[in-house]
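For the numbers below, each heavy atom of this structure counts, side chains included, while hydrogens, waters and symmetry mates do not.
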Amino acid sequence: MNATDRFDIAVGLVLSKDAEPPRRLIENISTGLSTYFSSFRWTLIHTHTGLSRRQRPPELLGLDNQIPVSVPWAGIQHVTFPWHGLPAKTAGYQAILTQAERVGAAASLIVDPTEEGFEPDWVDSLLRPGLHSRYDLVTPVHPEQPDQRMISANLISPLLAGLFGAAPREPMSGTFLVSEKLRRRLLSRRDWESASARYVPELWINFSAAAEGYRRAEAFVGQSRSSASAAILPPHVALIQIIESVFTLMEQYEGRWRSGKSADPLDQFGREQRMLPAFAGSADGLEYLVKFVNAYVALAEQWRSILDPHTFHAIDTFHSSLRAGDTEAMLADKTWVRVVYELAGSWKCRVRPRHQLAGLFVPLYWARIGSLLLKNRWTDQAGPTSQLRSLGNYFQGMRPALDRLWAGQKEAA
């Protein structure tokens, strides 16, 4: 193989230090490409970042057009990318996109290597909108809302919808498709080492694509089954990184979302599957609420000083209900949206040090998630799903409040 080899499709996996590419995942990707894209030339890339021993990749299935890349790095399919201060995942994404650009791929599909539920037809669902319909970013939609996606459903996705008029349901998915146009834009950026790109690169890509007007779509796929091990960071630290990244991106792109111009609607591909129960999972809503109640004594006065009196009163009433044993108490959608918007305004205006504001957000997120999980643990899917969708309407309907708060104006009584 030489530097002139060209491919239509590049599929990439970012692996942890010395991990082997999961054989079943490789086989399913290979089968999907050979079945649905047999007329295209494609390559599979797996990356390790930092120091790692060289791995011999598993043999691939499929037709002759399945040719692994080995240019310009040594080793078949194995791309080692220098750290340059980037975390492993971010460096891996940059390496895959760089190699895809070198081989001229029209579409780059990044697959989360911990996704054990990946089936061959997912390749078709995710690649077809990019290759045939020229969408720039395609994210998956799974027929369930696992606990780990609660942050997307209750904060990231509805907030993006409030800012840009439309948002994917899973903006932090580790599986997504990037077009040649968006890939070149990402590779030309000089903020790969920014906090947002380092901590939550998927959110950074999704936010940027929405703000800069790239064509986005969603593809319905099967049930997710992740083999990911325990998170490296404690949940509250990861949450702080996410909220700081969101507010930073809002500041970076404030000229775009405050212009009042909405992004194009997200088109959807495939057939939406029946949503599976989401709130009867392993997460214990009561555990989240206990954390909130314990934090309330220490943080109540700080919340009072930065939140609108009406918003703080709603939180105080919610806390009193929990202390009285009312496990059916709910941190209402409207209150939750006001919390997010008021903290965003305080962050923008530097009412307090920004790292403190991000820390003050965490127990309020626990209150929202804990009440949602506990209230809906015995409920069928229809009710909770409707609640989560209506949340996006609140984020969009209350956008004028965010505009005022972001500009440093007090909310009307």
Side-chain angles (χ1 to χ4, degrees), residues 7-14 25 28-29 31-33 35-37 40 42-45 89 92-94 96-97 99-101 104-115 117-145 149 152-153 156-157 160-161 164-187 200-224 226 263-273:
F7 299 90
D8 304 300
I9 301 168
V11 181
L13 290 80
V14 180
L25 177 60
N28 284 344
I29 292 173
T31 299
L33 288 166
T35 301
Y36 298 104
F37 298 97
F40 292 85
W42 55 270
T43 179
L44 178 64
I45 308 163
K89 182 186 285 189
Y93 286 169
Q94 193 174 32
I96 291 168
L97 296 179
Q99 185 68 348
E101 183 68 18
S108 308
L109 176 61
I110 293 178
V111 178
D112 184 346
T114 69
E115 179 53 79
F118 196 100
E119 296 294 338
D121 60 349
W122 291 27
V123 174
D124 182 49
S125 299
L126 292 164
L127 270 173
R128 192 170 296 277
L131 280 175
H132 298 303
S133 301
R134 303 302 182 188
Y135 285 89
D136 296 306
L137 181 64
V138 183
T139 51
V141 180
H142 298 90
E144 81 281 0
Q145 194 61 252
R149 293 201 182 96
S152 290
I156 306 302
S157 183
L160 285 174
F164 301 111
R169 299 188 203 181
E170 300 182 26
M172 295 198 297
S173 170
T175 298
F176 55 92
L177 175 134
V178 173
S179 71
E180 182 178 18
K181 178 182 175 182
L182 180 55
R183 180 182 71 228
R184 289 178 176 172
R185 167 60 183 142
L186 292 172
L187 291 175
V200 276
E202 301 89 356
L203 174 59
W204 174 68
I205 292 171
N206 267 277
F207 199 109
S208 302
E212 297 184 16
Y214 286 90
R215 297 186 70 205
R216 300 168 298 150
E218 293 182 305
F220 294 107
V221 297
Q223 184 176 359
S224 175
S226 177
D264 292 334
L266 259 75
D267 290 325
Q268 297 177 332
F269 290 84
R271 180 182 300 175
E272 184 171 9
Q273 302 182 38

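The nearest pair of heavy atoms linking Ser152 to Met172 is OG-CE, 3.9 Å. Residue Val14 comes nearest to Pro113 through the heavy atom pair O-CG, 3.0 Å, listed as atom of the first residue, atom of the second, then distance. When all heavy atoms of Ala100 and Ile45 are compared, the pair lying nearest together is N-CD1, 4.5 Å. When every heavy atom of Ala167 is checked against every heavy atom of Ala161, the shortest pair comes out as CB-N, 3.5 Å. Counting all heavy atoms, side chain and backbone alike, Pro201 lies closest to Lys89 at CG-CD, 3.9 Å. Listed here is the closest heavy atom pair of Gln94 and Leu187: O-CD2, 4.1 Å.
Taking CD1 of Ile29 as the start and CH2 of Trp122 as the end, the distance is 11.0 Å to the nearest 0.5 Å. Atom OG of residue Ser108 and atom OH of residue Tyr93 lie 13.0 Å apart, to the nearest 0.5 angstrom. A distance of 11.5 Å separates OG in Ser125 from CG in Leu177, rounded to the nearest 0.5 Å. Rounding to the nearest 0.5 Å places CG of Leu182 at 12.0 Å from CZ of Arg184. Summarising the geometry, atom CG belonging to Asp8 is positioned 11.5 Å from atom OG1 belonging to Thr43; distances are rounded to the nearest 0.5 Å. Here the CG-OH distance, from Leu266 to Tyr135, works out to 9.0 Å after rounding to the nearest 0.5 Å.
Considering only heavy atoms from C-beta on, Val138 stays 4.5 Å or farther from Leu127 through its side chain. Side-chain contact check for Thr35 versus Pro120: every heavy-atom pair is 4.5 Å or farther apart. With contacts defined as side-chain heavy-atom distances shorter than 4.5 Å, the pair Phe269/Arg128 does not qualify. By the 4.5 Å heavy-atom criterion applied to side chains, Leu25 and Leu13 are counted as neighbours. Between Val123 and Phe118 there is a side-chain heavy-atom pair separated by less than 4.5 Å.
No side-chain donor-acceptor contact under 3.5 Å links Glu170 to the backbone of Thr139. In terms of modelled atom types and a separation under 3.5 Å, the side chain of Ser173 and the main chain of Thr175 share a donor-acceptor contact. Between the side chain of Asp124 and the main chain of Tyr36, no donor-acceptor pair closer than 3.5 Å is present. Of the possible donor and acceptor atoms, none in the side chain of Asn28 sits under 3.5 Å from a partner among the backbone N and O of Glu119. Side-chain N or O atoms of Arg185 include none that pairs as donor or acceptor with a backbone N or O of Tyr214 at under 3.5 Å. With hydrogens and angles disregarded, a donor-acceptor distance shorter than 3.5 Å links the side chain of Arg216 to the backbone of Ala166. For the pair Ser157 (side chain) and Ala153 (backbone), a donor-acceptor distance under 3.5 Å is absent. Counting only distance, with no hydrogens or angles, the side chain of Arg215 and the backbone of Asp267 share no donor-acceptor pair below 3.5 Å.
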Step by step, work out the side-chain contact (heavy atoms from CB on, under 4.5 Å) result for Leu33 and Phe40.
CA-CA 9 Å; Leu33 288 166; Phe40 292 85; over 6 Å; no
Leu186 and Ile205: CA distance, side-chain angles, deciding distance, side-chain contact (heavy atoms from CB on, under 4.5 Å) verdict
CA-CA 8 Å; Leu186 292 172; Ile205 292 171; 4.2 Å; yes
The test is side-chain contact (heavy atoms from CB on, under 4.5 Å); show your working for Phe220 and Arg271 and say whether it passes.
CA-CA 6 Å; Phe220 294 107; Arg271 180 182 300 175; 5.9 Å; no
side-chain contact (heavy atoms from CB on, under 4.5 Å) between Glu115 and Ser224, worked out
CA-CA 7 Å; Glu115 179 53 79; Ser224 175; 2.7 Å; yes
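Ring geometry for His132 versus Phe37: interplanar angle under 30°, hence parallel rather than tilted (30 to 60°).
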